[in-house]
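All values derive from a computational prediction rather than experimental measurement. Sequence lines set the chain letters: A, B, ... in the order given, protein chains first and strands last, and positions in each chain run from 1.
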Amino acid sequence: MKLRLSVTTTNSALLAKVEEISGENLSKCYHCGKCSAGCPSLTNMDCLPNQVIRAVQLGDEKVLESETIWLCASCFTCAVRCPRGVDLSKIMEALRLLTLRKDVNHIEVKELTQEELDELPPIALVSNFRKMTS
Amino acid sequence: MEKKPKTKMISVFVMGKEHKVPQGLTIMKAMEHAGYRFLRGAGCRAGFCGACGTVYRLKGDYKLHFDLACQTAAEDGMALTQLPFVPANKATYHVRLIKKEGNPILKYYPEVARCVSCNTCTKACPQELEVMDYVQAALKNDIEKAATLSFDCIQCGMCALRCPAEIVQYHVGQLVRRVHGKFVNKSKQLNKRVNEVNKGKFDTDINELMTLKHAKIKDKYSDRDIEALH
Amino acid sequence: MNLAYYPGCTLKNQGLGFETSALAAAQALDIEMKELDRWNCCGTVFSLADEDLMHYLAPMRNFVRVQEEGFDKVVTLCSMCYNTMKRTEQIVKDDPEKLKTINEFMYREEDYRGEVKLFHLLELFRDEIGYEEIKKRVIRPLRGLKVAPYYGCMLTRPKEIGIDDWEEPRIMEDLLSAIDAEVVKDPLRGECCGAYHTVNAKELVTERTRMIVSSAKKRGADCIMLSCPLCEFNLDLRQRDTAKEYTDFVGIPVVYFTQLLALALGLTEDVCRFDLHYIDPYPVLVEKNIIEEGEEVHGKKA
């Protein structure tokens, strides 16, 4: 990701919105990478979890299109390990909500097959729809 | 000569336009008094068919009310509109093929899993049903409870219009009752009646109707027995 | 001990054996768990957005139900229900403004006073009954059975609500020791199973299942023990999909902690509903002489 640093990018509307929704202070993060090192979803991600924080710090809206924010399963491993007390799971949620709140789904319920619906327990559907549908 | 007591007139606002109507009328009659003619959105006029859903607010009150136009008295200052139809997602299923295993409701209406228990559906129900409770019962596969709680639903659809999770509660309730009838409480009367139909008990009557002239059918309809209304 | 019981949706569906074994085991330990007359889905995932009060309604409404029935304690078995409801319990304590707003929104209910305390069943066993006491009640020691406890995410994280240390938990290990089973310590016991990605990214969960199950198996585990119906679904049924992808993959059964406890307390296997599991735990239990061969289990013989 190529980024241009300036006062306007570091005071972006994206940063303000993410901090508002998540209640987290992103400037506390000093990019030690502990969150990325322990993330169980890392191998499938297109950017590192701490890079997500960096992108938001710099107001880069491309982060909203990254797979990473949707691959985060809110397992809170990063949250318990962060030496700065930043809850990255809340930041990930805020980024997902920026899409979902525009009434845009990340998954389509109607695309689930009858066979899948036959075996998936309610706990899977409820949690998935909460995280992935608007 | 005795003076007729004057009927008090009240103001109702239909889609924003003020109309003066006599006090004591139902919303439906008040609207007809004001010149509206119901081509759709009125059926039995007796609180059973669910065709005349109406949403209104009362003067100085933030609350949104949902009722049937044929059952609710118009009040002074009422601002209202008819909601006679609700676009709804209706699952296609064959009751014969529904399996008992798993959760049949989630299979045909997976969006039930989106319920947030906000209870908005219950607040919108003119029948005063515990709508959220029956949706939740369906989610936990308690077919018996869901069927009982939704039994008096008249399918007006107000719940589905208000639901933030976009669930179509009244169709879910219908599926629940069908599953209930199939697996939980098989209806003896239904089997009896199906047998009668199959044996031709009603063939003569049906055949007679099928061959009637249009005008005769109209006469039959207007002369039909209607339960007295109070 | 008498307290309210909140089951959660999946315990009434695919996770039925979790409930039946838990209720039977609790009864054997003189814990009376009264299922709430009215309850709704907890929402399964706690809303991580600070201003999103809508998603606190479901767990909060359940606390109102507990209060209505005159209880101040409620116990749950499912890790996700525990997590969602426990975090909501915290919110109420930390943020009276939020409680006020939610109470006003739920004006049809009595006001929630914020006094209900939620427990996970494992906490009751450890803190209220005590593992020493459980040890005394064991009728059928699970000697020789090697069990890998699996915590997943929701029991121990985040730290404010975890029922044990988030990096080095031992609540399940200690339970296993009390019932005389052999603990297999697996470094992946706290690794996420992929959770709800099982709906839209099955391959991701299949891979995670391969890693977690293989790790436990490599360390000699006969079965994996857990407390979450979503982890159970992923680690058990998804082994089917793992096996399709990796032909040399050999799985092991996945059981709930209540099922092993029920067996140890001498209860019959029918309370475990092993028939609902994809990989049948029955053969390994017979092999390890926990269950006698030929003993009738849900209508079929071993």
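- With respect to the salt-bridge test (charged N to carboxylate O, under 4.0 angstrom), the residues C/E89 and C/K86 qualify.
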Kindly indicate, with the supporting measurements, whether the criterion salt bridge (Lys or Arg N to Asp or Glu O under 4.0 Å) is fulfilled by A/R96 and A/E93.
CA-CA 5 Å; A/R96 289 188 292 266; A/E93 181 104 327; 2.8 Å; yes

Please evaluate residues C/M172 and C/Y151 with respect to the criterion side chain to side chain contact (heavy atoms under 4.5 Å, CB included), reporting the C-alpha separation (whole Å), side-chain torsions for both, the decisive distance (0.1 Å), and the verdict.
CA-CA 8 Å; C/M172 285 212 252; C/Y151 287 85; 3.4 Å; yes

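- Neither the backbone nor the side chain of C/C81 comes within contact range of chain A, judged by heavy atoms closer than 4.5 Å.
- If you measure heavy-atom distances from A/A124 to chain C, the contacts under 4.5 Å come from both the backbone and the side chain.
- At a heavy-atom separation below 4.5 angstrom, chain C is approached by A/E20, A/I21, A/S22, A/G23 within residues 18-31 of chain A.
- Contact annotation for A/S41: both backbone and side-chain heavy atoms come within less than 4.5 Å of a heavy atom of chain C.
- Interface with chain A: from residues 200-215 of chain C, residues C/N200, C/L204, C/R208 qualify, criterion being any non-hydrogen pair under 4.5 Å.
- In summary, of the residues considered (C/C228, C/S227, C/P229), a side-chain contact (heavy atoms from CB on, under 4.5 Å) with C/Y256 occurs for C/P229 alone.
- For C/Y278 and C/F233, the distance between ring centers is not under 6.0 angstrom.
- In this structure a side-chain-to-backbone donor-acceptor pair under 3.5 Å is present from C/N62 to C/N40.
- Residue A/L120 touches chain C through both its backbone and its side chain, counting heavy-atom pairs closer than 4.5 Å.
- Of the two parts of A/K90, the backbone and the side chain both hold a non-hydrogen atom closer than 4.5 Å to a non-hydrogen atom of chain C.
- Interface remark: A/E119 contributes backbone and side-chain atoms alike to the contact with chain C (heavy atom separation under 4.5 Å).
- Top candidate by heavy-atom pairs under 4.5 Å with chain A, chosen from C/D50, C/N83, C/N234, C/L188, is C/D50.
- Heavy atoms of A/I123 lying under 4.5 Å from chain C belong to its backbone as well as its side chain.
- The pair C/R273-C/E19 fails the salt-bridge criterion, with no side-chain N (NZ, NE, NH1 or NH2) lying under 4.0 Å from an Asp/Glu carboxylate O.
- The contact between A/C72 and chain C is made entirely by backbone atoms, counting heavy-atom distances below 4.5 Å.
- Note on ring orientation: taking the six-membered ring where Trp is involved, the planes of C/W39 and C/Y6 are perpendicular (angle over 60°, cut-offs 30° and 60°).
- Contacts of A/M92 with chain C are absent, with no heavy-atom separation under 4.5 Å from either backbone or side chain.
- With chain C as partner, the option from A/T77, A/L97, A/N44, A/L125 having the largest number of non-hydrogen pairs under 4.5 angstrom is A/T77.
- In terms of heavy-atom pairs under 4.5 angstrom with chain C, the leader among A/S89, A/A79, A/A94 is A/S89.
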For A/D46 and A/T68: C-alpha separation, side-chain torsions, deciding distance, then whether side-chain hydrogen bond (donor to acceptor under 3.5 Å, both in side chains) applies.
CA-CA 6 Å; A/D46 53 2; A/T68 297; 2.9 Å; yes

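- By the 6.0 Å contact criterion, NZ on C/K93 is enclosed, its count of non-hydrogen atoms from other residues, nucleotides or ligands being greater than 12.
- Ranked by heavy-atom pairs shorter than 4.5 Å toward chain A, the options C/C192, C/A195, C/G43, C/C41 are led by C/G43.
- Taking each heavy atom of C/T198 and C/R238 in turn, the nearest pair found is OG1-NE, 2.8 Å.
- Here the closest non-hydrogen pair linking C/A216 and C/I252 is CB-CD1, 4.2 Å.
- One finds a salt bridge joining C/E168 and C/K185 here, because a Lys/Arg side-chain nitrogen approaches an Asp/Glu carboxylate oxygen to under 4.0 Å.
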Going through the distances and angles, do A/Q57 and A/R54 end up as a side-chain hydrogen bond (donor to acceptor under 3.5 Å, both in side chains)?
CA-CA 5 Å; A/Q57 284 173 337; A/R54 191 69 186 137; 2.8 Å; yes

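- No part of C/E160 comes within reach of chain A, as not one of its non-hydrogen atoms sits under 4.5 angstrom from that chain.
- Highest contact tally toward chain A, considering only C/T156, C/L48, C/N13, is held by C/L48 [criterion: heavy-atom pairs under 4.5 Å].
- The choice from C/L237, C/D52, C/L230 that makes the most heavy-atom pairs within less than 4.5 Å of chain A is C/L230.
- Heavy atoms of A/L71 lying under 4.5 Å from chain C belong to its backbone as well as its side chain.
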